[in-house]
Each structure stands twice: as structure tokens, then as C-alpha cells.
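A short write-up of the structure that comes next.
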Amino acid sequence: APNTFIRTPGSPLTVIAHRGASSAAPENTLIAQDVARRGGANWIETDVQPSKDGVPFILHDSTVDRTTNGTGAIRTLTSTQLKALDAGSWFAPYYAGVRLPTLAEQLADLRTRGGNMFLEIKSGHSKAEVSQIVSVIRQQSMTNRVLVQSFDVDALRYARELAPELPLGLIRSTLDADPVAIATELGLTAYNPSNAALLTRPAVVADLHRAGVAMMVWTVDAAGSWQQLEQLGVDGIVTNRPAELAGWNAAF
Ligand code: G3P
Ligand code: CA
């Protein structure tokens, strides 16, 4: 089947909201996801990690310290403890009382309201923990609206085994010597380098496209860079400013 993530030149970029609309609302929360969706992002980038009792929660850091009023590693806190935390006040007083979402809640919201999830499995998940994530995606009937991505090659191998139906993306902060080789080996739908990594060797966009692999570049907030990436032929951009990128993109 053709890779529908690959963009035809001259058509709009895929807009991927980094942790939701994270410049306008507290990152990785329901409100950040909703603001991104309303602002025109078709994909919401989200980070997932397990609680102590094995529930997949949405959180970027390995601890709750920066983005909640609590402290400690997420893996040492139960879902009840995590649900008691305030995940909004750190961002602005207006958001007091915003809760850390579970993966199930975030997916249920997208299923009812519309939108797709770029789901990053943080490094260090066991196969059983990846299996939990896959179960949630299936329970929410969202397998056709989720792309699973990770820096962690093992997590991608587990996902491939457990859920061959899910599209996969590999995140990289430096380019592999042969991105097409690793993409082929892992069965990737997308190879997702940082902007800086891509600029060291922009010809990899065409190499990957010839191999049927898409490229989504992260995390890019400057309109000048959007323009440059569009001209380099990338398929999508992960940004903290999804509404601005969607507006810029609509001019196609
Ligand atoms: O989508 C890639 C990007 O989210 C990776 O960086 O640290 O924001 O998860 P980070
Ligand atoms: Ca991420």
C-alpha cells in the first residue's frame, strides 16, 4: 500500500502539535490537545509512560516535578497519586486543577472530537509495557489514527511484533549512516530527525521517499524554517505553534 504520509510537492504539510498546543496551554494535557485540534493541527504529538500500577499516562519527563505540583518519578507513583496532582498551575494560574491524562482518556477525546495521535513511547519500556499501550489503542478503536514513534529501537520492535497494523516512526537527534537501511529493517512508515540533524544531509528526504518512507521533522517553531523544510520536501513538522503552522500551511 502507498505511504499516505508522503506529501505530494505543493500540497500541505502534516501539522503535528508538539505535546499539544504547548505554547498556549499546559503540555500533554486534554486542554493542550483540544487547543491544538481547534487550531487546525491534524496530529497531536504525545509522550506516554507507565504509572507504578502499569497504567499508560501522558507525561514527557521521567518525573512529575516540572509539570505538576508533585515530585517523584512517574514509575514510583500510582495512578491514584498521579490523578491527584495539579498539572496546570505551573503553566499559568488559569489552568489550576488540570489533571494528568491517561492514554485512554486522551485517545477517547480524539476519537469523539476528531484528530490523530503521534504517540511517542519514551525510552525504557518493557515488552509488557508496550503491550499495555497497544491494548489501550485497540480498546479505544484508534489503531487507524495513531502513529507510534520512539527513540528506542526496542520499543519499535515490540510494537511491530505486538501490533503489525500500527505505523511506526523512528525519532533521531543525529542521522544514521544509512537511514533507508534502518527504516527498511524496522518496517518504518516515518523516519523523524531533528531539524538540525536533517540539515546536515537534506538529501536523505529523497532517499527515504524513494524507499516509501515519510519524514516528519521536530521541533520547529520559526516560520523561516517551515519554509525551508517545505522546500526540502519533508512531509510534516512537529511544532509548539500548531495554529500558526496550520495557518501558514493553509496558504498552499
Ligand atoms: O516528536 C519528537 C520530539 O517530541 C522528541 O523530543 O523531548 O520533545 O520528546 P521530546
Ligand atoms: Ca515527544
Side-chain angles (χ1 to χ4, degrees), residues 5 13-30 32-33 36 41-50 56-68 73-75 87 90-91 100-103 106-107 110 115-125 129-130 133 137 145-156 159 166-176 179 182-183 186 188-199 204-205 208 213-222 225-226 229 234-242 245-246:
F5 289 86
L13 294 155
T14 296
V15 178
I16 307 148
H18 185 233
R19 311 179 195 173
S22 53
S23 62
E27 67 180 53
N28 277 327
T29 63
L30 202 56
Q33 174 167 281
N42 28 18
W43 289 81
I44 315 294
E45 195 266 350
T46 293
D47 305 287
V48 67
Q49 301 184 66
F57 266 77
I58 303 305
L59 188 76
H60 176 270
D61 299 1
S62 58
T63 75
V64 298
D65 299 17
R66 179 177 60 88
T67 58
T68 76
I74 180 167
R75 284 171 175 277
W90 71 276
F91 186 80
L100 286 178
T102 63
L103 175 60
Q106 211 76 335
L107 286 173
L110 286 181
N116 309 290
M117 185 179 283
F118 231 64
L119 180 60
E120 179 179 350
I121 301 183
K122 283 302 188 190
S123 296
H125 279 68
E129 288 164 349
V130 172
I133 293 169
I137 296 168
R145 287 163 62 181
V146 174
L147 180 144
V148 163
Q149 61 161 7
S150 192
F151 285 100
D152 187 340
V153 168
D154 288 334
L156 295 177
L166 283 173
L168 300 180
L170 177 63
I171 315 172
R172 288 302 206 202
S173 41
T174 56
L175 292 183
D176 294 274
I182 191 158
L186 292 171
L188 300 181
T189 292
Y191 181 92
N192 303 335
S194 70
N195 189 25
L198 172 61
L199 295 182
V204 298
V205 182
L208 286 160
V213 182
M215 181 187 284
M216 316 291 182
V217 177
W218 53 278
T219 299
V220 188
D221 294 341
S225 296
W226 298 339
L229 289 168
V234 312
D235 303 295
I237 294 178
V238 180
T239 183
N240 296 305
R241 298 172 57 210
L245 176 55

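Counting starts at 1 for both ligands and their atoms, following the listed order.
Nearest-heavy-atom check against atom 1 (O) of ligand 1 across Gln149, Met216, His18 picks out Gln149.
When only non-hydrogen protein atoms are considered, atom 4 (O) of ligand 1 lies nearest to Glu45 OE2, 2.8 Å. Of the protein's heavy atoms, His60 NE2, 3.3 Å lies nearest to atom 10 (P) of ligand 1.
From Met215, atom CE reaches atom CG of Asp235 across 8.0 Å, with rounding to the nearest 0.5 Å. Rounded to the nearest 0.5 Å, atoms OG1 (Thr239) and CD (Glu45) are 11.5 Å apart. Of the inter-residue distances, the one linking Leu59 atom CG with Leu100 atom CG reads 6.0 Å to the nearest 0.5 angstrom.
Listed by atom number, the atoms of ligand 1 under 4.0 Å from Arg19 heavy atoms are 7 (O), 8 (O), 10 (P). Of all atoms in ligand 1, listed by their number and element, those nearer than 4.0 Å to a heavy atom of Lys122 are 7 (O), 9 (O), 10 (P). Atoms of ligand 1 found under 4.0 Å from any heavy atom of Phe151, numbered from 1 in the order shown, are 5 (C). Of all atoms in ligand 1, listed by their number and element, those nearer than 4.0 Å to a heavy atom of Asp47 are 9 (O).
Closest to the Ca ion (ligand 2) among the N, O or S atoms of Asp47 is OD1. Shortest distance from the Ca ion (ligand 2) to Glu45 is reached at OE2 (N/O/S atoms only). As for Glu120, its N/O/S atom nearest the Ca ion (ligand 2) is the one called OE1.
No option in Thr189, Val213, Asn192, Leu188 other than Leu188 meets the side-chain contact (heavy atoms from CB on, under 4.5 Å) test with Leu170.
Residue Ala41 comes nearest to Ala17 through the heavy atom pair CB-CB, 4.0 Å, listed as atom of the first residue, atom of the second, then distance.
Using a 4.0 Å heavy-atom cutoff, Phe118 is absent from the residues neighbouring ligand 1.
In this structure a side-chain-to-backbone donor-acceptor pair under 3.5 Å is present from Gln33 to Gln106.
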TODO: Please assess Leu119 against Leu107 for the test side chain to side chain contact (heavy atoms under 4.5 Å, CB included), listing each intermediate value before the final yes or no.
DONE: CA-CA 10 Å; Leu119 180 60; Leu107 286 173; 5.9 Å; no
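Checking only distances, Trp218 never comes within under 3.5 Å of ligand 1, N or O to N or O.
Classification of the Trp43-Phe5 ring pair by plane angle, with boundaries at 30° and 60°, yields tilted.
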